[in-house]
Amino acid sequence: MSSYFTDLAQQYIDGEWRAGTGSWDIIDFDPYNDEKLASITIATVDEVDQAYRAAARAQKDWAATNPYTRRAVFEKALRLVEEREEEIAGAIVAELGGTRLKAAFELHLAKEFLRESVHLALAPEGRIIPSPVDGKENRVYRVPVGVVGVISPFNFPFLLSLKSVAPALALGNGVVLKPHQNTPVVGGSLIAKIFEDAGLPAGLLNVVITDIAEIGDAFIEHPVPKVISFTGSDQVGRHVATVCASLFKRAVLELGGNSALVVLDDADVDYAVDAAVFSRYVHQGQVCMAANRVLVDRAVADEFTEKFVAKVRTLKAGDPRDPETVIGPVINARQADALTGVVEQALSEGATALVRGGRSNNLVEPSVVTGLPADSALLRQEVFGPVAFLVPFDGEEEAVRLVNDTPYGLSGAVHTGDVERGVRFAKRIDTGMFHVNDGTVHDEPIVPFGGEKHSGVGRLNGDTMLDAFTTTKWISVQHGRSGFPF
């Protein structure tokens with residue numbers, strides 16, 4: 001596996017694998033055992049420019065290519081992912097500390113999104129629109145935006161890079177991808193290698209592995225990209241949006257969350273426990289849709305809490321290579337420090353730890369906290385790790401108020417014995433997505449994905465990819481002669 005990382009520890013610009021020319025290296029570590037996987041010399045502002053210029057040059061011919069020809073590249077990419085599934089899973093485990101279960105989950109979704117990209121190549125359709133002017137024909141064409149800049153996160157790097165890269169390419173655009181510094185291979189060069197081997201023309205997809213300490217805002221300020229697709233924190237997303245707006249670029253922002261899983265008084269408690277534990281602790285809680293808060297009606301709170309705590313205590317934390325492991329490491333020491341601080345802050349505010357997990361390096365064991373004061377800032381922020389807050393409530397009205405009492409609005413779930421009661425509840429929540437009698441963590445290739453409030457702007461998946469990565473162009477044809485007033 002180490003040679004696998006070494007081979008891909010390069011920039012990919014204009015169809016060439018090459019070293020960056022920056023003055024320092026990004027060191028790629030295994031977050032579980034601190035093994036050095038690779039050393040990558042960072043890309044400079046000049047290399048970002050070269051990548052965008054290459055994408056712009058290649059994009060014109062690609063946009064003019066028959067979409068059935070373009071489609072074949074994504075069919076081949078899908079086959080390659082299927083053939084290389086075991087080694088990609090191993091890379092996910094090594095580079096980001098994902099468990100075997102998490103790697104399989106990410107790969108399953110990645111393949112689904114590649115399948116959708118096959119269809120997306122044929123999706124753009126034009127329209128003929130009536131005109132009040134005699135003899136005029138109004139044609140509306142759906143055309144690629146040109147070049148898309150993609151910035152992907154560390155938690156699901158393979159999936160969340162592909163989720164923008166593949167549709168943008170399928171719709172006729174060029175792409176420059178900047179993966180997160182902690183996942184440069186799985187989120188970046190691995191994807192470039194798959195598309196290179198699938199026959200994507202050189203220059204269309206470029207990967208720059210770098211850091212804002214080196215390039216500043218050059219990636220988003222560059223004049224070539226017309227759309228920036230960013231997945232990450234709302235703090236960084238706010239900056240990306242500000243820069244893009246000032247330069248008349250479109251920003252597609254998939255940001256953080258503070259989702260709640262709500263257990264109403266008529267819920268199936270055992271099932272709700274299973275859903276809540278998965279929703280909070282999948283991939284160590286490093287998921288934007290994770291259930292930070294578990295809200296439980298007091299009528300079932302004692303039963304739910306007892307069963308929830310018992311199940312959390314069974315979650316095995318340890319080496320992500322062990323198939324029995326449920327909780328692997330968080331991505332780095334900074335995240336681990338922050339999570340330790342969250343629990344300490346909660347206890348200092350008067351909360352009680354029903355489960356208080358220990359910490360060993362980047363391995364943070366699950367914690368369950370209850371009794372936080374209603375005005376605690378912890379209940380309104382994103383906690384990116386295996387810490388659950390249990391919050392009792394009295395009746396639906398209070399539950400709705402508590403769920404909405406956060407700057408975020410990404411996902412959520414409600415459990416009830418009455419499906420239509422659940423739907424009515426869901427409609428009152430200010431989120432982009434909400435689920436009845438299920439977990440909070442879901443993504444499907446043709447359903448609009450995105451958030452409200454601080455959780456983002458725009459949607460991805462299915463038809464919304466057309467809104468994200470294409471634009472419309474009106475061309476009118478006057479078949480007769482127009483009359484002019486002078």
Side-chain angles (χ1 to χ4, degrees), residues 11-18 43 45-77 114 116-127 139-151 161-178 188-189 191-208 218-230 244 247-252 460 465-477:
Q11 312 293 336
Y12 184 68
I13 298 172
D14 205 5
E16 293 182 358
W17 293 95
R18 49 181 159 127
V45 171
D46 184 52
E47 281 148 343
V48 170
D49 177 66
Q50 292 172 36
Y52 273 129
R53 301 293 175 192
R57 284 193 303 272
Q59 187 268 332
K60 298 297 184 186
D61 288 341
W62 181 242
T65 300
N66 188 304
Y68 283 85
T69 303
R70 293 205 305 263
R71 184 178 70 168
V73 171
F74 301 92
E75 292 171 335
K76 179 72 180 296
L114 273 172
E116 179 59 19
S117 293
V118 171
H119 301 296
L120 209 53
L122 307 181
E125 296 177 343
R127 292 188 296 155
R139 305 179 187 184
V140 179
Y141 292 84
R142 176 73 72 169
V143 297
V145 294
V147 175
V148 176
V150 177
I151 303 172
S161 292
L162 270 178
K163 190 175 175 179
S164 288
V165 168
L169 290 169
L171 291 166
N173 299 288
V175 174
V176 179
L177 168 63
K178 178 193 171 299
S189 50
I191 289 167
K193 179 63 175 168
I194 288 167
F195 277 107
E196 180 184 51
D197 292 348
L200 187 74
L204 270 175
L205 172 60
N206 304 267
V207 174
V208 290
F219 190 88
I220 50 179
E221 286 181 339
H222 196 281
V224 163
K226 299 297 185 287
V227 174
I228 300 293
S229 179
F230 171 83
C244 286
L247 297 170
F248 303 102
K249 296 176 187 286
R250 187 186 306 168
V252 180
L460 292 176
M465 295 297 196
L466 293 168
D467 297 326
F469 302 127
T470 68
T471 189
T472 55
K473 186 169 188 173
W474 171 31
I475 296 178
S476 75
V477 178

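By the neighbour-count criterion of 12 heavy atoms within 6.0 Å, atom CZ of R18 is densely surrounded, having more than that number from other residues, nucleotides or ligands.
Here the side chains of V207 and Q11 are not in contact, with every heavy-atom distance at 4.5 Å or above. At a threshold of 4.5 Å between non-hydrogen side-chain atoms, the residues L204 and V175 do not count as touching. Annotation: side chain of R250 is in contact with side chain of T471 (closest heavy-atom distance under 4.5 Å). Residues F74 and L169 form a side-chain contact, since some pair of their non-hydrogen atoms from C-beta on lies under 4.5 Å apart. Side-chain contact between W62 and V73 is present, with at least one heavy-atom pair separated by less than 4.5 Å.
Annotation: side-chain contact (heavy atoms from CB on, under 4.5 Å) contacts of Y68 (sequence neighbours excluded): N66, R71, L122. Under the rule for a salt bridge (Lys or Arg N to Asp or Glu O under 4.0 Å), the partners of R139 that lie at least two apart in sequence or sit in another chain are E137. With sequence neighbours excluded, the residues that form a side-chain hydrogen bond (donor to acceptor under 3.5 Å, both in side chains) with E47 are T21, T44. Residues passing the side-chain contact (heavy atoms from CB on, under 4.5 Å) test with V224 are Y52, R53, A56, V147, H222, sequence neighbours excluded. Taking the side-chain contact (heavy atoms from CB on, under 4.5 Å) definition, one finds that A72 meets it with E75, sequence neighbours left out.
Among all heavy-atom pairs drawn from P225 and G149, the shortest one is CB-N, 4.1 Å. Looking at every heavy atom in both residues, Y12 comes nearest to A192 through CD2-CB, 3.5 Å. Of all heavy-atom pairs spanning A218 and V48, the tightest one is O-CG1, 4.3 Å. Of all the heavy atoms in A202 and G15, the pair that sits closest is CB-CA, 3.8 Å. Nearest approach of F195 to A166, heavy atoms of both residues: CZ-CB, 4.2 Å. A63 and G172 make their closest contact through CB-O, 3.7 Å (heavy atoms, listed as atom of the first residue, atom of the second, distance).
Taken from NZ in K226 to CG in L247, the straight-line distance is 11.0 Å, to the nearest 0.5 Å. Note: T472 OG1 to Y141 OH = 13.0 Å, rounded to the nearest 0.5 Å. The CD1 atom of I191 sits 12.5 Å away from the CG atom of L200 when rounded to the nearest 0.5 Å. Between atom CG of residue D467 and atom CG of residue L460 there is a gap of 10.5 Å, rounded to the nearest 0.5 Å. To the nearest 0.5 Å, atoms CG (L171) and CG (L466) are separated by 5.5 Å.
Checking side-chain atoms of D14 against main-chain N and O of A54 turns up no donor-acceptor pair under 3.5 Å. Panel note: side chain N173, backbone V145; a donor-acceptor pair is recorded below 3.5 Å. Listed for the K249 side chain is no donor-acceptor partner under 3.5 Å among the backbone atoms of I228.
For the residue pair R70 / T65, no side-chain donor-acceptor distance below 3.5 Å is found, with atom types taken as modelled.
Pairs passing the salt bridge (Lys or Arg N to Asp or Glu O under 4.0 Å) check and including a residue from residues 194-205, sequence neighbours excluded, read R84-D197, K193-E196, K193-D197.
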